Amino acid sequence: MNGAILTFDTVSKFYGEVLGVMDVSTTIGPGVTGLLGPNGAGKTTLIKLAVGLLHPSRGRVLIDERSTWRNAGLGIVVGYATDREALPEFMTGRAFLERLLRFHGLGSSAARDAADAALEQVALADVARRRIGTYSKGMRQRLKLAQALAHRPRLLILDEPLTGLDPIGRRTVVDLVRRLGEEGRTVVVSSHVLHEVESMTARVVLIRDGRLIADGRIEDARAALLDTPYRVRIDVDDARALAKSILDHESTEGVSLRATGALVVETFDPEETLRALTRIAATERVPIRSVAVEDRDLEALFRYAVE
Amino acid sequence: MTAPAPPPALDPIRAFVLGTRLSWEQGLRLMLRGWRLWAGLGTITVVVALEAVLIGGTRHRSPVDLYVVINGLLVLNTILPFLTLVSSLGLTSGEIEDGTFGYLLTRPCPRIALLVGRVLAGTTVTGLALAALFTSGVLAVGLAAGNTASAKPTLALGWHLAGVGAIGGLAFTSLYSAIALYCRRPVVALVVGVSHALVWEGIVATLPGSIGRYTLTQNVRALFFEHPEIGGWAERVLFRDVELVPPATDALAFLLLASGVFIAVAWHRFAGREF
């Protein structure tokens with residue numbers, strides 16, 4: 001199954017005088033793409049523009065070269081899972097999916113089969129006949145995912161799909177998303193929990209304050225930022241003494257003290273810095289409470305990109 | 001389990017017809033469950049009990065007259081606007097507010113179909129509620145007055161009233177759906193709707209002169225009076241000056257035209273609305 005091509009062409013969205021997103025241009029093709037940014041960054045605005053629930057103030061949003069605004073026909077191509085909690089509490093999970101599938105032209109029997117298949121994919125087959133009102137938060141999340149993929153769309157847009165899931169549910173969804181990407185579908189997954197996205201994809205779009213910050217593979221984005229050193233944060237009682245010692249080490253590019261009392265060492269070789277810290281702690285009897293390389297996750301990547 | 005093949009694309013006409021039907025079905029399910037169902041049944045019970053008490057208590061010689069006063073005037077003038085207001089808000093504004101409508105908006109179904117389906121659902125619910133109300137009123141007349149002979153003609157009147165109620169229901173539902181869609185918050189729509197029902201459909205509809213002809217209520221009433229028995233009675237008792245009531249054909253045209261205009265207005269808002 002070939003995925004759809006989602007294109008944002010210099011897209012801006014304003015809510016009155018409030019900026020939603022500004023001049024976003026990117027193209028998303030088959031495979032899984034993470035849409036990353038903190039809360040309020042504009043992720044949901046971009047997603048709603050993509051599924052045609054919002055109209056861009058400027059620019060164009062296209063799926064397979066067709067505008068998403070007021071284009072009901074794209075409903076066959078797109079599956080969308082909202083980040084909102086709303087679900088019809090009085091219906092069973094199966095009936096909910098069945099009703100939605102009938103809008104796609106499926107008869108009762110075909111809709112039931114497709115609903116069952118989707119519920120099985122998200123590990124909800126056991127509770128398919130239970131009222132949605134009795135579902136846990138994790139089940140509700142997976143049900144939203146099921147309604148998005150039940151009609152087998154070529155483009156799946158999932159807004160914060162891992163929120164509220166327990167570890168098993170998370171594993172189920174992560175595996176499913178990966179599998180859908182491997183099938184060749186286009187899957188867009190938004191999240192502000194960055195390591196979650198790392199578990200599903202290496203391709204990310206970073207967004208903050210409505211602006212696109214970086215776009216590409218995580219490693220490429222990191223490589224593009226190689227002129228920025230890693231940061232090693234050390235929680236220690238006597239930060240000034242340790243700063244003096246580590247500053248003399250050849251791998252150290254710079255040191256700074258945080259308001260919390262933590263010492264931050266900037267380095268291009270964090271492994272060497274960690275070894276040096278261990279030696280200093282042993283020889284100078286400096287008790288170090290904790291050491292963390294801040295650059296090892298997307299959080300750091302994001303911060304570098306912004307700064 | 002083998003995953004079923006993806007559904008094929010729908011042509012626009014099929015998508016519209018299918019969307020309207022499914023939206024109508026969902027609207028009906030939404031209305032005929034939970035507190036709305038119980039509120040509706042409660043209203044019917046209260047009205048029927050009122051009829052029984054009045055007819056039985058006064059030992060009125062013509063129970064049909066009282067039946068007409070209660071069902072025709074109380075129900076058509078007062079209950080109809082509020083019934084349609086509640087159903088319209090529930091079917092449009094309420095669902096949009098709680099977010100469940102979003103699941104339909106991303107389906108391959110034109111928005112106009114969703115809107116028309118919901119308006120028809122509101123109309124159907126109104127027609128069903130009034131039919132139940134009027135039919136159960138027949139029982140009240142027959143039992144309370146101890147005059148079963150009057151039941152048959154009253155039953156005929158009941159169905160006449162239900163038909164009038166359905167036409168009026170379409171007009172009111174279209175209007176209140178438009179109001180619900182123009183007001184972002186359901187509570188604002190409720191205030192606007194109640195104000196309209198009380199002032200325009202309540203006070204203005206009863207004012208002397210021609211302005212009342214532009215209210216839905218007076219046109220619904222004109223259809224109601226079209227029935228020979230009711231019309232003659234109304235002329236004698238209620239409206240000495242029958243010029244106040246527009247001819248039934250004019251009233252029917254007015255109500256259908258108004259419904260079309262309100263649906264168009266609602267559609268204009270709904271088509272361009274962001275969610």
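Quick note on labels: first sequence line is chain A, next is B, and so on, each numbered from 1. Worth saying up front: this structure is predicted, and the values here are computed from it rather than measured.
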S.K.: Please examine the side chains of B/Leu18 and A/Phe103, heavy atoms only from C-beta on, and report whether any two atoms are closer than 4.5 Å.
M.R.: no
S.K.: Above 12 or not: heavy atoms from other molecules or residues under 6.0 Å from CZ of B/Arg269?
M.R.: yes
S.K.: Would you indicate whether the side-chain heavy atoms of A/Arg102 and B/Glu25 approach each other to under 4.5 Å?
M.R.: yes
S.K.: Taking all non-hydrogen atoms of both residues, which atom of A/Arg70 and which atom of B/Ala271 are closest, and how far apart?
M.R.: NH2-CB, 3.5 Å
S.K.: Could you tell me which portion of B/Arg111 (side chain, backbone, both or neither) has an atom closer than 4.5 angstrom to a non-hydrogen atom of chain A?
M.R.: side chain
S.K.: Working note: A/Arg99 + B/Arg29, criterion side chain to side chain contact (heavy atoms under 4.5 Å, CB included); need CA distance, chi angles, decisive distance, verdict.
M.R.: CA-CA 12 Å; A/Arg99 301 261 159 78; B/Arg29 283 198 180 92; 3.3 Å; yes
S.K.: Go through B/Leu104, B/Leu30, B/Thr100, B/Leu105 and name the one with the most non-hydrogen pairs under 4.5 angstrom from chain A.
M.R.: B/Thr100
S.K.: Where on A/Leu100 is there a heavy atom nearer than 4.5 Å to chain B: the side chain, the backbone, both, or neither?
M.R.: both
S.K.: Would you say that B/Tyr103 contacts A/Phe96 through its side chain, given a criterion of any heavy-atom pair below 4.5 Å between the two side chains?
M.R.: yes
S.K.: With the side chain counted from C-beta on, respond yes when A/Leu54 and B/Phe275 share a heavy-atom pair under 4.5 Å apart, and no when they do not.
M.R.: no
S.K.: Examine whether an atom of B/Ala113 lies under 4.5 Å from a heavy atom of chain A, and if so say whether it belongs to the side chain, the backbone or both; otherwise answer neither.
M.R.: neither
S.K.: Who among B/Pro12, B/Ser23, B/Gly102, B/Cys109 has the most heavy-atom pairs with chain A under 4.5 Å?
M.R.: B/Cys109
S.K.: Can you tell if the side chain of B/Glu274 reaches within under 4.5 Å of the side chain of A/Leu53, non-hydrogen atoms only?
M.R.: no
S.K.: Surrounding CZ of A/Arg130 (heavy atoms of other residues, nucleotides or ligands, distance under 6.0 Å), is the total greater than 12?
M.R.: yes
S.K.: So with a 6.0 Å cut-off around OH of A/Tyr15, is the heavy-atom count from everything else above 12?
M.R.: yes
S.K.: Which pair of non-hydrogen atoms, one from B/Pro108 and one from A/His104, has the smallest distance, and what is that distance?
M.R.: CD-CE1, 3.3 Å
S.K.: To the nearest 0.5 angstrom, please state how far the CZ atom of B/Arg107 sits from the CG atom of A/Leu74.
M.R.: 13.5 Å
S.K.: Heavy-atom distance under 4.5 Å to chain A: side chain of B/Ile112, backbone, both or neither?
M.R.: neither
